Amino acid sequence: MVKTYIFRFLIAVLTSIFMGLLYMGIGRKFMARIRRCYAGPFYQSYIDVIKLFSKNSISHNWIMDFGVMMGFAGIIATVVFLPIGPFNVFPDMKGNIIIIMYFMTIGYLGMAMGVAASGNPNATIGIARALSLMIGYEIPFALSVILLIFANRSSLLYDMVLSQHGSFLNWNMFRYPFAFAGSLIALQGMLGEQPFDAMIAPAEIASGPMVELSGKFLGFGFLQHASQIFLETGIIAAMFLGGGTILGFFTKQLILYLITLSIAAVFSRYRFEDAVKFFWIIPTLLVLLQLVIFLA
Amino acid sequence: MIGKILLSGVLISFLSMFVRKRYNYFRWILFSIYLLLTLYFLFLWRNSFYYNESYNFLSLYGLNFSLNFKITPLGWLFSFFTIFLTFLISIFSIQKNIGEDSEKLISFFWFYLIVSNIGIFFADDFLTLFIFWELMTFSSFFVISPGWIKSFRAVNYYFVLSTLGAFFMLLGIGFLYGGTKSFSIESGYTYLFTLFSINPLLSVFITITFILGFFTKSALIPFHIWPAQAHAEAPDDFSAFLSGIMIKYGLFGNLLFLVPLFLLIKNYPSTQIITNGIPLFSHILSWVGAITSVIATFLAIESNDMKKLAAWSTVANIGYATTSIFILSSYGIAGGIFQIITHAIFKTAIFLALAAVKYRTHEREMHKLGGLAYKMPVTFLTFLLGIIAAAGIPPMNGYASKWFIYQALLSGHFPFLTIAIFLSSTGAFMYLFRALHSIFLGQLPEKFDDVKEVPFLMQIPMYILMALMLLTGVFPGIILKPINSVLISFNLQPVKVTYNTMFSTLSSVDSLKVFLTFSGSFAFAFILYLIGKPRKHVEPLDNYTAGQDPKEFGLTRELYHFALKFYEPFEHMFDSYRTNTKEFYDSFERKVNEFGNFIKESYSKNIRYSSYIFIFALVLVILYGWLVW
Amino acid sequence: MMIDNRTLYIYSFIIFLIGIYGAITNRNLIKILVSLSIIETALNIFLVSTGYINGSNPPILHSGMKLISPNSINISDPLPHALVLTAIVIGVGTTAIGIGLTIKLYNHYKTLNVNRMGDKDEL
Amino acid sequence: MNYNLPVLLIAIPILFSFLSLILGSFNKILSKIILISVIIFNIISGICIYNSVLKNGNILTVIGNYLPPFGINLISTYTSISFLILLYIVFLVASLIFVSKNDDRADKISSVLLLYLASSTGILLTGDIFNLFVFIEIFSISNIILISIKDKKLSIKGSLKYLIITSIGASLYLFGIGFLYGILGTLNLSEISLNFDNISYFSKVFIFLFFLGSIMAELEVFPFNFWISDSYAGSKNYVNILLSGLSSIVALYIFIRLFLTVFGYPTFISFSYSLPFNVKTLFLTIFGLSVIVNELAALSSKNVKRILGFSSASSLSLILLSLSTGLKNGVMAAMLIAISVIISKPLLFLSSHQIMKGKGEKNLNSFIDGFRRNPLFSILFIIGVFTLVGFPLTPSFWGKFLLFISATEKISYTTLILVIVVFSITIELFYYFRLMHKLFIKDENIKVEKTKNNFVYIFSGILLASIIIFFSVKPYFTQNIVEKTTEDIFDKSGYIKSCLKSGEIDDR
C-alpha cells in the first residue's frame with residue numbers, strides 16, 4: 001500500500017515541476033510578445049534549471065542548505081494535497097484547503113530561513129517585505145475560502161469541484177463573481193507578480209531573497225517558484241473554475257497564469273505598505289460583499 | 001492524599017530555606033524531586049475521577065469553612081500538564097542557578113506556586129479556589145521581582161490588576177453564597193442560572209465580578225498590558241512558568257464556572273437573548289478574545305525586546321483559546337483546551353530557548369543579538385520547532401489545535417471570528433520569523449564569537465520538549481483522549497478522534513500521513529540537492545567586500561545585521577489609531593496619588609484647612625440627618 | 001422673671017455654638033484655647049440646669065428638716081452639681097496642658113498664628 | 001477570687017503612678033520597676049478574672065455598697081475582659097520597649113503610662129456613663145502627653161490637634177449625658193439601656209448625634225482624623241504602638257458598649273421603629289468614606305510611620321463598617337479583623353522602626369536593602385503585613401471573607417460600600433507590597449553590616465508574631481473567642497439582668 005502512495009507522490013511532484021516550468025516558459029514568451037520582442041523557446045526554463053544544477057555554488061553555513069531544501073520540500077508537500085483534476089494522492093484527504101494553506105507557509109519559512117542565514121541584509125529586507133505582503137493577500141484569500149466552505153459545508157477542494165460540475169455556467173466564477181475577482185487579485189499577490197513584487201525588487205534590494213543564491217540554490221528557488229505557480233493557480237482553478245479533466249485543469253491553470261502575467265506587464269511596482277493597504281481595502285471588500293450576499 | 005502533597009510542599013519549602021547560599025542549586029534539585037513525586041501521584045490517579053477529600057477548618061455560626069478537593073477530569077488534565085512542564089523548567093533552572101547566588105526567597109516561593117497550582121486545579125468549592133488563588137498572587141509577586149528596582153514598576157501592573165480581580169471575585173462568591181448558602185461551584189452556577197430570569201441586573205453584576213476575576217488573570221482586552229511588562233522583567237526561567245502555566249488559571253476559571261453557566265443558558269434558553277445559537281454574553285466574550293489576539297499580534301510585531309515579543313504572542317494565543325471556548329460547541333471547548341495545552345508546550349520551549357540565549361549573552365534587545373544559530377545549534381532547533389508549532393504549521397502540534405479551532409468556528413457559522421483568528425495567525429508568522437532571524441540568523445556580532453552551547457543539563461528539557469511537540473503534533477490523540485473525558489464531564493458529546501486522525505463535520509486530517517508526506521518531500525529535495533554539484537563554503541563577509549578586509553571600510557559584522565526596525569513601514573500603517581492603554585493605567589495611578597496627596601495636604605499643612613473640613617463635615621452630618629429623617 | 005429649665009437649655013446651647021465658632025475660625029492658638037473653655041462653661045451651665053426643679057430649695061439638709069419621704073421635700077436634684085464639679089476640674093486640666101503645649105510650640109515656630117505653623121519639610 | 005478584684009485593676013495603677021513620681025525623683029530605675037510590676041500584677045489578675053467570667057458569667061463589682069442603679073459599679077463582661085487581655089499584652093510590649101530605653105524623664109513618663117493603663121482599664125470595666133466620661137478624659141489627656149514626649153515640632157503640633165478635637169468631643173459627650181440624665185434621670189448604663197426605647201423620637205436623635213460626635217475623634221473616622229498625620233509621624237516608637245494598638249481597642253469598645261449594647265443598635269436594624277431614621281446608612285456612609293480616604297492618604301504619604309498610622313485608621317474604620325452592618329456575621333467579621341489588626345499593627349511599627357534604625361529620614365527609601373541589613377525584622381514585618389492584609393488562613397482573611405458573605409445577601413446600599421472596600425483593600429495591598437519590595441532591593445557592590453537589635457525588641461517582636469501565628473494556626477481557639485464575644489455583645493437583656501440583679505428596679 002505504501003508503494004502506491006510513493007508512486008502517486010512522485011507523479012504529483014513531477015507533474016507539478018514539469019507543468020510549472022512549462023507555464024513559466026510560455027509565460028516568458030507571452031510577456032515578450034506583449035513587449036513586442038522575442039523570448040527564447042518555451043522549453044527555455046528546463047534548460048535554465050539543468051544549467052543551474054550543473055554549476056558550482058557557494059553557501060555560508062549549513063542552515064542555508066537546510067533552509068532552501070526545507071522551502072522546496074514544503075511546496076512539494078502542499079502540491080501532494082492538491083487534487084490535480086480528478087487525481088488524488090490520498091483518497092481520504094482529498095485536498096483539505098486548510099492543510100494546503102498552512103503547508104504553503106512551510107515553503108515560505110524554509111526559503112526565508114535559508115536566505116536569512118546567508119547574513120545579507122538585502123535578503124532579510126526582502127523577506128520582511130514578503131511577509132508583511134503575505135498578511136495582506138491572505139485576508140481576501142481566506143475570506144473567499146471561508147465563503148466556499150460555508151457554501152459546500154465541507155472544506156475539501158474535491159467537494160467544491162463536485163459542486164461545480166455540469167455546464168460551465170454553474171462554475172463558482174459565475175455563482176460568486178465578486179469572490180472570484182477578489183481571489184484573482186490575491187493570486188496576483190501570492191505569485192509575487194509585478195504590482196506586488198516589492199520583495200524581489202531588483203532595483204532597490206538587488207532581487208531581495210535571491211541575492212546570495214547561486215548555482216543549485218538558485219535552481220531550488222526556480223523549482224520552488226515553478227511549483228508555486230502550479231499550486232496557486234491549481235487552487236484557484238479548483239475553487240472557482242471547477243477543475244475538470246486533467247487537460248482541462250492544466251489549461252485553466254495556464255489561462256489564470258497568463259491573466260496574472262498580463263496584469264503584471266501593465267502595472268508598475270507598489271510600495272509594499274500601500275500594497276498591504278490596497279489588499280485590505282479593495283479585494284477584501286469585494287469578497288465581504290459576496291459573503292454578505294451569500295449570508296443574507 | 002492531595003492534602004499530604006500540599007503539606008509536604010510547604011514543609012520542603014521551609015527545609016530548602018536552610019540550604020546554604022553556595023549550594024543554591026541544591027534547592028532546585030529538591031524542587032524537581034518534589035515535582036517528580038507529585039507527577040508520579042498524579043499519574044496514579046489518572047482514572048480515579050470524582051475522588052474527593054475535605055479538611056474541616058472552622059465553623060463559625062453554621063458557616064463551616066472547609067478546604068475540599070475533588071479530582072475532576074478537567075482539574076486532572078490541567079494539573080498533569082502544568083506539573084510536567086514545571087518539572088522540565090525546574091531541571092533548566094537547576095543549571096541556571098549553579099553560578100548565581102540568587103536570593104533564597106525565589107525557590108521558597110516557587111514551592112508555594114506549585115502548591116497553589118495543585119490547590120486551584122483540584123479545588124471543589126469557591127473557598128478553596130479563592131484561598132489558593134490569593135496564595136498564588138502573593139507568592140508570584142515576590143518571584144517576579146526578586147529585588148530588582150526596575151522590575152517593581154513591571155510587577156505592580158500584574159499585582160494590582162490580579163488582586164482587584166480576586167477581590168471582585170470574592171464579592172461574586174459572597175453573592176452566590178447569599179443565594180445558595182454553600183460554597184460549592186455546582187450549586188453556584190445553577191443558582192445564578194435561575195437568577196437570570198428573576199433579577200437580571202444582579203445576575204449580570206455577579207457574572208461581571210467573576211469575569212473580572214478570571215480575565216485579569218488571563219490578560220484579556222482591558223487588562224492585556226501586564227504580561228509584556230511582567231515577563232520582560234521576571235527571571236528567565238520564571239517567565240517560562242509565568243506564560244506557560246500561570247496565565248492559564250484565568251482560562252481554567254472560565255472552564256470551571258462561566259462555561260457550564262453559559263451551557264445551561266444555551267440548553268434552556270429562557271429570557272436570555274440567543275444570537276447565532278449561543279447566549280449573547282458568551283458571544284461578546286469570544287469577540288473579546290478575538291480582538292485581544294489581533295491587538296496582541298500587532299503589538300508583538302512592533303516589539304524589539306525578545307521576551308516582550310514572546311509575552312505578546314502568549315496573550316494572542318490566550319485570545320484564540322478564549323474565543324474557541326466561548327463558542328460552547330463541543331469542538332469549540334475541545335479546541336480551546338487543546339490550544340491551551342499545545343500553547344503551554346511550545347511556549348515553554350520558546351521561553352527556555354530565550355532563557356538559554358540570555359544565559360549565554362545576557363542580552364535581551366534583539367538587534368544586539370544575531371547569528372547565534374551557528375554557535376548554539378540545539379537552542380536554535382528548539383526555537384525553530386517552537387516557531388513552527390506557534391505559527392500552526394502542520395507537522396507540529398500547533399497545527400492540530402488551530403485546525404480544531406477552525407472546525408469549531410466554521411461549523412458554528414462565525415465567519416468574522418474566523419477572519420480575526422486567521423489574521424492573528426498569519427501575523428503570528430510575521431513576528432515569529434522576526435524573532436528567529438534577529439536572534440539566531442543574520443550576522444554574529446564579534447563579542448559573541450566565543451559563545452558556546454548551553455550546558456547539557458539545560459539541553460535535556462529542550463530535547464524532551466522538541467520530542468513532545470513532534471509527538472503531540474503527529475499523534476494528537478494523546479491529548480485529545482483526556483479532553484474527551486472532560487467533554488463528557490460537561491455532558492457534551494465527545495470529539496471523534498483516533499490516535500493519529502482527527503475527524504470533524506467539515507473534513508478529517510490524518511496527521512501521520514501529513515508528517516510522512518513532508519518527510520517524503522524533504523527526502524526528495526535532499527536527493528535533488530545531492531544531484532547538484534557540491535557547494536563551496538565561503539565566509540559571508542568575503543562575499544560583500546570581494547575579498548578585501550572589511551575592517552578597512554570600517555565595516556563590522558553588526559552593521560550587516562538588519563533587525564532594529566524590522567517591520568517599520570508596516571507599523572506606520574497603524575500610527576493614526578494607536579491607543580496606549582499603559583498610558584491610561586499610569587495616569588489613573590497618578591490621579592489616585594494626587595487625590596491622596598490633596599487629602600493629606602489639607603490635613604497636615606495647617607489647622608486652618610482642617611477647620612474648614614471640620615465645618616464641612618458638621619454641615620454634612622446635619623444635612624444628612626435632616627434629609628434622611 | 002423666673003428662668004425655668006427650657007430657657008437655660010437654649011442659652012447654654014447658644015454659648016456652646018459661640019465656643020465652637022470661636023474654636024474653628026480663630027487663627028491665634030490662645031484664642032482657640034479660650035473658646036474651648038467657653039464650651040466647657042456652656043456645658044456646665046447645661047448640666048446644672050438639668051437638675052433644677054422650678055421653685056425648689058437648694059439641696060442642703062439643715063437640722064430643722066424632717067426626712068419623711070423623698071417626694072415631700074422640695075429640693076432641686078443634687079447629682080448634676082457633683083457632675084459639674086468633676087467637669088470643671090477636667091476642663092481646667094485640659095486647658096492647662098493646652099497652654100503648656102502652646103508655649104512649647106511658640107518656642108519652635110516663634111508665632112502663634114496657626115496658618116504659618118505648617119512648614120513644608122515635615123510632610 | 002472575691003468580687004472586688006476589678007477595682008484593684010484600676011486603683012493600683014493610679015496609686016503607683018503617683019508613687020512612681022515620688023520614688024522616681026530618687027532613682028529612675030525604681031519607677032521603671034514599679035511600671036513593670038504593676039503591669040504584671042494587672043495581667044495576672046486579668047487572667048483570673050477571665051477564668052471567673054468564663055465560669056459564672058458577668059461579674060458585678062459594687063463600689064461603696066451602693067446598689068447598682070445608684071452608685072458607680074464595675075461590670076466585667078466577656079467582651080470587656082478579652083479586650084482587656086489583648087490590651088495588656090500590647091501595653092506590656094510598649095512598656096518593655098520604654099523600659100529598655102534610658103530616658104531622663106523616665107519617672108514622669110512611667111507615671112503617665114500608668115495613668116494610661118488605669119484609664120483604659122476603667123473604660124473597659126465601668127458600668128456608669130459619667131464614670132466612662134471621666135476615664136475617657138484621663139485617657140485622652142495621657143494620650144496627649146505621650147504624643148508630645150518627643151518634643152519635636154511635629155509631635156507637639158499633633159498633640160495640640162489631638163487635644164482640640166478630643167476636648168470638643170468630650171464636650172459633646174457631656175451634652176449627651178446631660179440630655180440623657182434630663183430625660184431618664186439615671187446614669188447607670190444598664191438602666192439607660194433598659195428604658196432607652198421609650199424615649200421620644202426627637203430626643204433619641206439628639207442623644208445619638210452627640211454620642212456619635214464625641215467618639216468619632218477617638219475612632220479616627222474621616223472628618224476628625226486630621227491629627228493622625230502629625231502625631232503618628234512625630235511621636236516615639238512605643239507611643240505609636242500604644243496609639244495604634246491600644247487606643248483603637250478602647251475606642252472600639254466604647255463604640256460597641258454604647259451603640260451595640262446600650263442603644264441596642266442591632267435590634268433596631270431589623271425592625272428599626274425605635275430609631276426610625278436610617279442610622280445604618282449614616283454609619284455605612286461615614287465609615288465607608290473614612291476607609292477609602294484613610295487608604296488614599298496612606299497611599300500618598302512618604303513617611304513610613306505616617307503610612308502605618310493612616311492604614312491603622314483605615315483598618316479601624318473597616319472594623320466599624322462591618323460592625324455597622326448590624327448582622328451577627330458582620331460583628332463576628334469585625335472581631336476577627338480586630339484581633340489581627342490589634343496585634344499586627346504594633347508588630348509593624350516595631351519591625352519598621354528596627355529596619356529603619358540606621359537611616360536618618362524615615363521615608364520609603366530607608367527600607368531599601370532592608371532584608372540583608374536586618375533579616376529577622378524584615379520577616380517579622382512580612383508576617384505582620386500578611387496578617388493585616390488577610391493572607392489566606394489568617395483571622396483577618398476569615399473576617400474579610402465573612403464580611404463579604406454577610407453583606408451581600410441582596411443588592412443593597414451595603415454592596416455599594418463593599419465595592420469601595422474592595423478598591424481600598426487593593427490600594428492597601430499595593431502600598432504594603434511596595435514597602436516589602438523595597439526590602440529586597442539589593443546592589444551587590446556595597447557590603448551591608450547587620451544592625452544590632454537589642455533583646456527587648458527581639459523578644460516583643462517574636463512574642464507578637466507567635467501570638468498571630470497561634471491565632472491563625474489554631475482556628476478553633478479564635479472561633480470560640482469570637483463566638484462568645486458576639487453572643488455577649490448581642491444579648492442586651494443579659495447585660496441588664498447581670499447589672500440590676502442584686503437591687504430591685506426603682507419604680508420611678
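All values derive from a computational prediction rather than experimental measurement. In what follows, chains carry the letters A, B, and so on, assigned in the order in which the sequence lines appear, proteins first and then strands, with residues in each chain numbered from 1.
Of the atoms belonging to B:F526, heavy atoms from both backbone and side chain fall under 4.5 Å from chain A. Neither the backbone nor the side chain of A:L147 comes within contact range of chain B; no heavy atoms are under 4.5 Å apart. Heavy atoms of B:F440 lying under 4.5 Å from chain A are absent altogether. Heavy atoms of A:I100 lying under 4.5 Å from chain B are absent altogether. Contact of A:L223 with chain B is made through the side chain alone, with heavy-atom distances under 4.5 Å. Only the side chain of A:N96 comes within contact range of chain B, with heavy atoms under 4.5 Å apart. For a residue to count as touching a neighbouring chain, one of its non-hydrogen atoms must lie under 4.5 Å from one of that chain's; by this rule B:A391 touches chain A with the backbone only. Proximity to chain A involves both the backbone and the side chain of B:F522, based on heavy atoms less than 4.5 angstrom apart. Contacts of A:S54 with chain B are made by backbone atoms alone, with heavy-atom separations under 4.5 Å and no side-chain atom involved. For A:L288, the part lying under 4.5 angstrom from a heavy atom of chain B is the side chain only. In this structure, the portions of A:I99 lying under 4.5 Å from any heavy atom of chain B include both its backbone and its side chain. For a residue to count as touching a neighbouring chain, one of its non-hydrogen atoms must lie under 4.5 Å from one of that chain's; by this rule B:F518 touches chain A with backbone and side chain alike. With a 4.5 Å cut-off on non-hydrogen atoms, B:L384 touches chain A through its side chain but not through its backbone. Only the side chain of B:P395 comes within contact range of chain A, with heavy atoms under 4.5 Å apart. Heavy-atom distances place the side chain of B:H437, and not its backbone, under 4.5 Å from chain A. The contact between A:M113 and chain B is made by backbone and side chain atoms together, counting heavy-atom distances below 4.5 Å. The part of A:F9 that comes within reach of chain B is its side chain, from C-beta onward, which places non-hydrogen atoms under 4.5 angstrom from that chain.
Side chain of B:Y529 to backbone of A:K216: no donor-acceptor contact under 3.5 angstrom is found.
A:F53 approaches B:L528 most closely through the heavy-atom pair CE2-O, 3.8 Å. Taking every heavy atom of both residues into account, B:P415 and A:L291 meet most closely at CB-CD2, 4.0 Å. A:A77 approaches B:S521 most closely through the heavy-atom pair CB-OG, 3.6 Å. The two atoms that bring B:F433 and A:A112 nearest to each other are CE1-CB, 3.6 Å, heavy atoms only. Scanning both residues, B:A525 and A:F72, for their nearest heavy atoms gives CB-CD2, 3.8 Å. Scanning all heavy atoms of the two residues, the minimum distance from B:F414 to A:F150 falls at N-CZ, 4.2 Å.
Ranking B:Q407, B:R535, B:M430, B:R434 against chain A, the residue ahead of the rest is B:R535, based on heavy-atom pairs under 4.5 Å. Heavy-atom pairs under 4.5 Å with chain B were tallied for A:G219, A:A117, A:S214, A:G215; the largest tally goes to A:A117. Counting heavy-atom pairs closer than 4.5 Å to chain A, the top residue among B:L409, B:T418, B:V514, B:I301 is B:V514. Between chain B and the options A:M104, A:M101, A:R153, heavy-atom pairs under 4.5 Å are most frequent for A:R153.
One finds the OG1 atom of B:T517 at 11.5 Å from the CD1 atom of A:I76 (value rounded to the nearest 0.5 Å). In this structure, the separation between CG on B:L441 and NE2 on A:H60 is 13.0 Å, given to the nearest 0.5 Å. Note that CD1 of B:I393 is 5.5 Å distant from CD1 of A:I106, once rounded to the nearest 0.5 Å.
The shortest side-chain heavy-atom distance between A:I146 and B:F422 does not fall under the 4.5 Å cut-off. A:I98 has its side chain out of reach of B:K402: every pair of non-hydrogen atoms, C-beta onward, lies at least 4.5 Å apart. Side-chain atoms of A:T284 and B:I419, non-hydrogen and from C-beta on, never get closer than 4.5 Å to each other.
Ring planes of A:Y102 and B:Y406: tilted class, angle from 30 to 60°.
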Pairs of donor and acceptor atoms involving the side chains of residues 133-145 of chain A, under 3.5 Å and at least two apart or interchain, shall be tabulated with distances.
| unit_1 | atom_1 | unit_2 | atom_2 | d |
| --- | --- | --- | --- | --- |
| A:Y137 | OH | A:Y108 | OH | 3.3 |
| A:S144 | OG | A:P140 | O | 3.2 |
| A:S144 | OG | A:F141 | O | 2.6 |

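Listed by chain and number, the residues in a side chain to side chain contact (heavy atoms under 4.5 Å, CB included) with B:I387 are B:F383, B:L432, B:L436 (sequence neighbours excluded). Here A:Y5 pairs with A:F90 under the ring pair (Phe, Tyr, Trp, His ring centres under 6.0 Å) rule; sequence neighbours left out.
When the shell of 6.0 Å around CZ of B:F515 is examined, it contains 12 or fewer heavy atoms from other residues, nucleotides or ligands. Annotation for A:K277: atom NZ counts as buried by contact number, over 12 foreign heavy atoms lying within 6.0 Å.
Applying a 4.5 Å heavy-atom cutoff, the residues of residues 63-71 of chain A that approach chain B are A:I63, A:D65, A:F66, A:M69, A:M70.
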